[in-house]
Chemist: 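Structure incoming, see below.
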Amino acid sequence: MILLYLCLSVFLVQSCTTNDPSDIKTYKDYKWYEINGNRDGIKKLLRFLTGTYEIPYYSLVGGTGNLLVAPELVPAVDAIASFEGLTTKIVIDDYSEILEDEKVNPLRQDGFSWTAYYDVDSIYGYLQNMSQQNPNWSQLVVAGQSYEGRQILGLRINTPTAVDKPVMFIESGIHAREWITPATTTYFINQLMTSQDPEIASLRDSFDWHIFPTVNPDGYHYSYTRDRMWRKTRSRSRNGCYGADPNRNWDYNWMDYGASSNPCNYQTYGGSNPFSEVETRSLSAYISGLENMLGYVAFHADAQMLLLPYSDSTEHTANYDDLKQIGETSLKYGYAVNKAKYDGPGTAAELLYKASGGSMDWVRHARGTPLVYTYELRGRYFHWPAARISEQGDEVTQMMLGLATEARNLGYY
Ligand SMILES: *[C@@H]1O[C@H](CO)[C@@H](O)[C@H](O)[C@H]1NC(C)=O
Ligand SMILES: *[C@@H]1O[C@H](CO)[C@@H](O)[C@H](O)[C@H]1NC(C)=O
Ligand SMILES: [Zn+2]
């Protein structure tokens, strides 16, 4: 067995410098594998492949592994799988085909819409336009600058009311390739600001909203222009590899679970230190400056789940039962829109896998924020058709309404 792994690493060596910023990755003929069998065997396979090659996507949830690999790695995957007695299935033979309708999109409109995916500049342009159209109760807010000098731009929506309102914070797009999250977040902003539905208007008026559609703007731009599967930031490590996972980089139990110490790891490199990434450092400073934060909601894709703290421990928070009840109502509201069933609510550690250094755990621990949630939106193979963004946008809007409604029932505000 050692021999097999050794041979593979000798004959198919590749350096970590393959994410050369001048390349555009097309994912032509990349294979999406589903792998089943002995969990330890799958773990071994993933550990070896991700430690040796550039693997743009991999996961192990429950007893199923998923893996996206370059065509030249097919013999290696098959050899290891067969050695470990695993069954493999190529569910997508050419991943580039999956991505096609995202870019060449007849539904795209000038300015902004929710029938296409847009780059950071357009998203920011939209935020700017909305704040200009409603200057009395909305304003642009900046939670720092990215490594490449982009703003981490958000919109604050705070309609004038007699009483001080609790803050509701929305973090979106921390993982660059989860494109549906900025798209649904701007959709939600649009609902809050323009909906004629009295319930949505009341939702808007109930909170001092701080909404950040793309908190990893460098990563998103890179994913948009160069490498669809990019997930991390774009800082440069000493060894020449790029980026850290901004959801493994927060200063709480940093690197304990589910994070890689290898800067070339495509997915979960935790960074050189807690808050080594300027994006997480400045966002956390912004959050620390918010008084009276009742809720923190993070959007991810695409496990279709509602996750509660903690990500790195199965320990239940003091108000776990409330979080669960509020989360259940939230999912019920969402389900009513499209009959799409989410898993959970439950702790991320129990439902997904243990991972340390995420924003949700830090917010809950460092800030003691009562209502902290991570929504894993829907999708398949990291893809969601642009023409159907509004479907999830409506779902998310109702999920937020359900969350707020049940939180009020339980006396949280
Ligand atoms: C912002 O508003 C201007 C002026 O109405 C418009 O030309 C532009 O397309 C809008 N941009 C976005 C991103 O909505
Ligand atoms: C904004 O507030 C100002 C001053 O209170 C008021 O004169 C103006 O009509 C308001 N504008 C809008 C669009 O509500
Ligand atoms: Zn994510």
Side-chain angles (χ1 to χ4, degrees), residues 57 59 61 66 98-99 101-102 113-118 123 168-192 203 211-216 219-220 223-224 228-231 245-247 267 295-309 311 323 326-348 351-353 355 358-360 371-404:
Y57 177 80
S59 70
V61 178
N66 276 270
I98 299 282
L99 304 176
D101 79 306
E102 292 178 340
S113 72
W114 290 276
T115 49
Y117 292 105
Y118 291 85
I123 293 172
M168 187 64 78
F169 192 100
I170 292 185
E171 168 218 293
S172 205
I174 199 166
H175 284 146
R177 64 192 177 191
E178 297 167 11
W179 288 12
I180 187 60
T181 66
T184 49
T185 300
T186 51
Y187 186 95
F188 176 60
I189 287 173
N190 199 55
Q191 288 292 304
L192 279 188
L203 177 64
I211 306 180
F212 290 84
T214 165
V215 299
N216 175 12
Y220 183 80
S223 169
Y224 198 87
R228 177 63 184 84
M229 294 307 274
W230 194 254
R231 154 169 161 132
D245 182 341
N247 211 36
Q267 293 196 151
Y296 190 93
V297 171
F299 286 116
H300 286 254
D302 52 1
Q304 202 168 328
M305 287 176 179
L306 178 50
L307 307 173
L308 312 174
S311 280
L323 284 176
I326 293 165
E328 274 160 6
T329 302
S330 174
L331 291 186
K332 206 162 69 190
Y333 274 58
Y335 181 80
V337 180
N338 301 304
K339 307 275 179 277
K341 176 126 178 47
Y342 276 50
D343 284 337
T347 67
L351 277 185
L352 211 49
Y353 38 71
S359 60
M360 175 167 80
L371 306 178
V372 182
Y373 290 95
T374 294
Y375 288 79
E376 283 272 354
L377 303 182
R378 294 191 281 138
R380 198 88 206 270
Y381 314 121
F382 267 94
H383 176 64
W384 183 263
R388 289 171 56 200
I389 291 170
S390 64
E391 191 180 303
Q392 289 206 60
D394 285 326
E395 225 168 274
V396 160
T397 304
Q398 286 301 308
M399 289 194 288
M400 289 298 101
L401 181 61
L403 187 158

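Nothing here was measured: the structure is a model prediction, and the numbers come from that model.
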Chemist: Counting C-beta onward and ignoring hydrogens, is there a side-chain heavy-atom pair between I189 and P213 closer than 4.5 Å?
Modeler: yes
Chemist: Between W384 and D302, is there a side-chain heavy-atom distance shorter than 4.5 Å?
Modeler: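 No, every pair of side-chain atoms sits at 4.5 Å or beyond.
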Chemist: Can you check whether Y296 reaches E171 side chain to side chain, under 4.5 Å on heavy atoms?
Modeler: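 Touching, per the 4.5 Å side-chain cut-off.
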Chemist: Do L403 and Y333 have side chains that get closer than 4.5 Å, going by heavy atoms?
Modeler: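 No. Closest side-chain heavy atoms not under 4.5 Å.
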Chemist: What do you reckon, are the aromatic ring centroids of Y224 and W179 less than 6.0 Å apart?
Modeler: yes
Chemist: When you check the side-chain N and O atoms of Y381 and N66, is any donor under 3.5 Å from an acceptor?
Modeler: no
Chemist: Taking NZ in K339 as the centre, count heavy atoms belonging to other residues, nucleotides or ligands within less than 6.0 Å. Is the count above 12?
Modeler: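 Yes, the 6.0 Å shell around NZ holds more than 12 heavy atoms from other groups.
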Chemist: Aromatic contact between F169 and F212, with the criterion being ring centroids under 6.0 Å apart: yes or no?
Modeler: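 Between F212 and F169, which both carry aromatic rings, the centre distance is below 6.0 Å.
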Chemist: Do you see a donor-acceptor pair shorter than 3.5 Å between the side chains of Y118 and T186?
Modeler: no
Chemist: Between H300 and I174, is there a side-chain heavy-atom distance shorter than 4.5 Å?
Modeler: yes
Chemist: Taking the side chain as C-beta and beyond, is there a heavy-atom pair between P345 and L331 under 4.5 Å?
Modeler: yes
Chemist: Under a 4.5 Å cut-off applied to non-hydrogen side-chain atoms, are R388 and N338 in contact?
Modeler: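 The answer is no, as the side chains (C-beta and beyond) never meet within the 4.5 Å cut-off.
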